[in-house]
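Here the structure comes first, spelled out in structure tokens, and everything after it is commentary.
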Amino acid sequence: MSPASPLKVAVTGAAGQIGYSLLFRLASGALGDRPVELRLLEITPALKALEGVVMELDDCAFPTLAGVEIGDDANAIFDGANLALLVGARPRGPGMERGDLLEANGAIFTAQGKALNEVAADDVRIGVTGNPANTNALIAMTNAPDIPQERFSALTRLDHNRAISQLAAKTGAPVTDIKKMTIWGNHSATQYPDLFHAEVGGRNAAEVVDDQAWLENEFIPTVAKRGAAIIEARGSSSAASAASATIDAARDWLHGSAADDWVSMAVPSDGSYGVPEGLISSFPVTTANGDWSIVQGLEIDDFSRGRIDASTAELAEERQAVSDLGLI
Ligand SMILES: NC(=O)c1ccc[n+]([C@@H]2O[C@H](COP(=O)([O-])OP(=O)(O)OC[C@H]3O[C@@H](n4cnc5c(N)ncnc54)[C@H](O)[C@@H]3O)[C@@H](O)[C@H]2O)c1
Ligand SMILES: O=C(O)C[C@H](O)C(=O)O
């Protein structure tokens, strides 16, 4: 493919809340100057609403938008996709955990994994935002045996960004001074936002904060339960911030992370840091040339070990549950 040809970006759930923010960012150049062709998948009853969103996209006259195709057939929409952002899924409501969505959303990712396997471009990268994101990514990956496993990831960048923001507020540092944040494990209440390897202005974040009680009783729960707090406040789940994190993750995956930093991505484990192989778990990663690699050699103390193990145990339970449902 020549560099000037449009990047074909497939987005599922395009008529939903996240879609309403995400599409306009993608179309206006958030992934770079290369024109994008949007390929938007929805369920049949939502196509009319999606037509309205496309009218709005047209009305923006974005120079970087090379075309838009919409439809309810995954095999047609994913055809030739270089990037697939799997957002479409039922969101949780008040009082639900993300794991409650496993059965409802599992079937979607089985079918979409199969369709991607059939028709996506050879260089496709697949980012899963729809919840429960890690296990949905596992389902899609397992149902797409011809696509290399490292092309699948699930979104923990929103948690990563939330953690940066909370640490910035605590220390008074600008977000640009905060580096090497890590989210480990599942995009769920068991996730482990790790300050022991993060830096504030080049200094170790846990030492700068020097307050284990804040770290345990405020920082970790605030980040891990932020999704629920937003649902409680807004009456519906995070949308613009989720779209923004989806863009951050895709941009860094395609174009590379900063030399002095790393990002959090949920990727298939190779057994690093004792995370069982094959689980899609969040790790600190660097990205370059469209590939990610897990940052190696970090020391994990007993506190962090316990937190990582708890979240990966939940991922193993989710894997068992979807296996029992015949989805993988
Ligand atoms: N990983 C994260 O950080 C994160 C953050 C926020 C939200 N989410 C999740 O993202 C998902 C979408 O959230 P939302 O607020 O946009 O929800 P929404 O209900 O507003 O939109 C979801 C859209 O998906 C569509 N859809 C359903 N089944 C589909 C299918 N088989 N194919 C294509 N489209 C389909 C629906 O018609 C709907 O338009 C939810 O699962 C939510 O929990 C994840
Ligand atoms: O919490 C949710 O259900 C939505 C999303 O995963 C979030 O973290 O905001």
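The shown structure was predicted, so the numbers you read here are calculated from the model rather than taken from an experiment. Values reported hereafter were calculated over all heavy atoms of this structure, with side chains retained and with hydrogens, waters and symmetry mates removed. Whatever order the structure lists ligands and atoms in, that order sets their numbers, starting from 1.
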Exercise for the section: Determine whether any heavy atom of H187 lies closer than 4.0 Å to an atom of ligand 2. Expected result: yes
Between E216 and P221 the two heavy atoms that sit nearest each other are O-CD, 3.2 Å
Without hydrogens or angle criteria, can the side chains of S188 and E314 be said to hold a donor-acceptor pair below 3.5 Å? yes
Report task. Flag yes if more than 12 heavy atoms outside R90 fall under 6.0 Å of its CZ atom; otherwise flag no. Result -> no
Closest to atom 33 (C) of ligand 1 (heavy atoms only, candidates L155, N105, L41) is L41
request  = Compute the minimum heavy-atom distance from R157 to ligand 1 and say whether it is under 4.0 Å.
outcome  = no
>> Ignoring hydrogens and geometry beyond distance, is a side-chain donor-acceptor pair present between W184 and S311 at under 3.5 Å?
In response: no
Side chain to side chain donor-acceptor pair (under 3.5 Å) filter on D59, not counting sequence neighbours, yields none
Contacts satisfying side-chain hydrogen bond (donor to acceptor under 3.5 Å, both in side chains) that involve residues 264-273 (not counting sequence neighbours) are H160-S264, D270-S272, S272-Q296
If you measure from each heavy atom of R162 to ligand 2, is any distance below 4.0 Å?
-> yes
S238 heavy atoms within 4.0 Å reach ligand 1 at atoms 5 (C), 6 (C), 7 (C)
At under 4.0 Å between heavy atoms, what of L158 touches ligand 1? The answer is side chain
Check: N/O to N/O below 3.5 Å, does that happen between G19 and ligand 1?
Finding: no
Under 4.0 Å from one or more heavy atoms of G88, ligand 1 contributes atoms 24 (O)
### Query
Would a distance-only check, ignoring hydrogens and angles, find a side-chain to backbone donor-acceptor pair under 3.5 Å from T312 to D309?
yes
Judged by heavy atoms only, the candidate from V128, L50, N131, D159 nearest atom 41 (O) of ligand 1 is N131
Quick note on ligand 1: atoms under 4.0 Å from a heavy atom of A15 include exactly 39 (O)
In this structure, atom 39 (O) of ligand 1 is nearest to the protein heavy atom E42 OE2, 2.6 Å
Margin query: Does ligand 1 come near enough to Q17 that some N or O of the ligand is less than 3.5 Å from an N or O of the residue?
Written below: yes
Quick note on ligand 1: atoms under 4.0 Å from a heavy atom of G130 include exactly 9 (C), 10 (O), 11 (C), 41 (O)
### Query
Under 4.0 Å between a Lys/Arg side-chain N and an Asp/Glu carboxylate O for R125 and D291?
yes
Among D72, I43, T246, closest by heavy atom to atom 29 (C) of ligand 1 is I43
Q) Is it true that the side chains of D252 and T287 contain a donor and an acceptor less than 3.5 Å apart? A) no
Between S236 and Q17, is there a side-chain heavy-atom distance shorter than 4.5 Å? yes
So the atoms of ligand 1 within less than 4.0 Å of a heavy atom of T129 turn out to be 1 (N), 2 (C), 4 (C), 8 (N), 9 (C), 10 (O), 44 (C)
For a 4.5 angstrom cut-off between non-hydrogen side-chain atoms, does N143 reach F109? no
of all protein heavy atoms, closest to atom 3 (O) of ligand 2 is R92 NE, 2.5 Å
A student comparing A154, A242, A89 should find that the heavy atom closest to atom 22 (C) of ligand 1 comes from A89
Before signing off on this row, confirm whether A46 and ligand 1 have an N or O atom pair separated by under 3.5 Å.
-> no
(message) Assess the residue pair L298 and F196 against the criterion (side chain to side chain contact (heavy atoms under 4.5 Å, CB included)); give the C-alpha distance rounded to whole Å, side-chain angles, the decisive distance to 0.1 Å, and a yes or no.
(response) CA-CA 10 Å; L298 301 179; F196 293 101; over 6 Å; no
One finds that the ligand 2 atoms under 4.0 Å from a non-hydrogen atom of S237 are 4 (C)
Quick look: D159 vs ligand 2, heavy-atom contacts under 4.0 Å, and the answer is neither
Counting neighbours of CZ on R305 that are heavy atoms of other residues, nucleotides or ligands and sit closer than 6.0 Å, is the number greater than 12? yes
So for N131, does at least one of its heavy atoms come nearer than 4.0 angstrom to any atom of ligand 2? yes
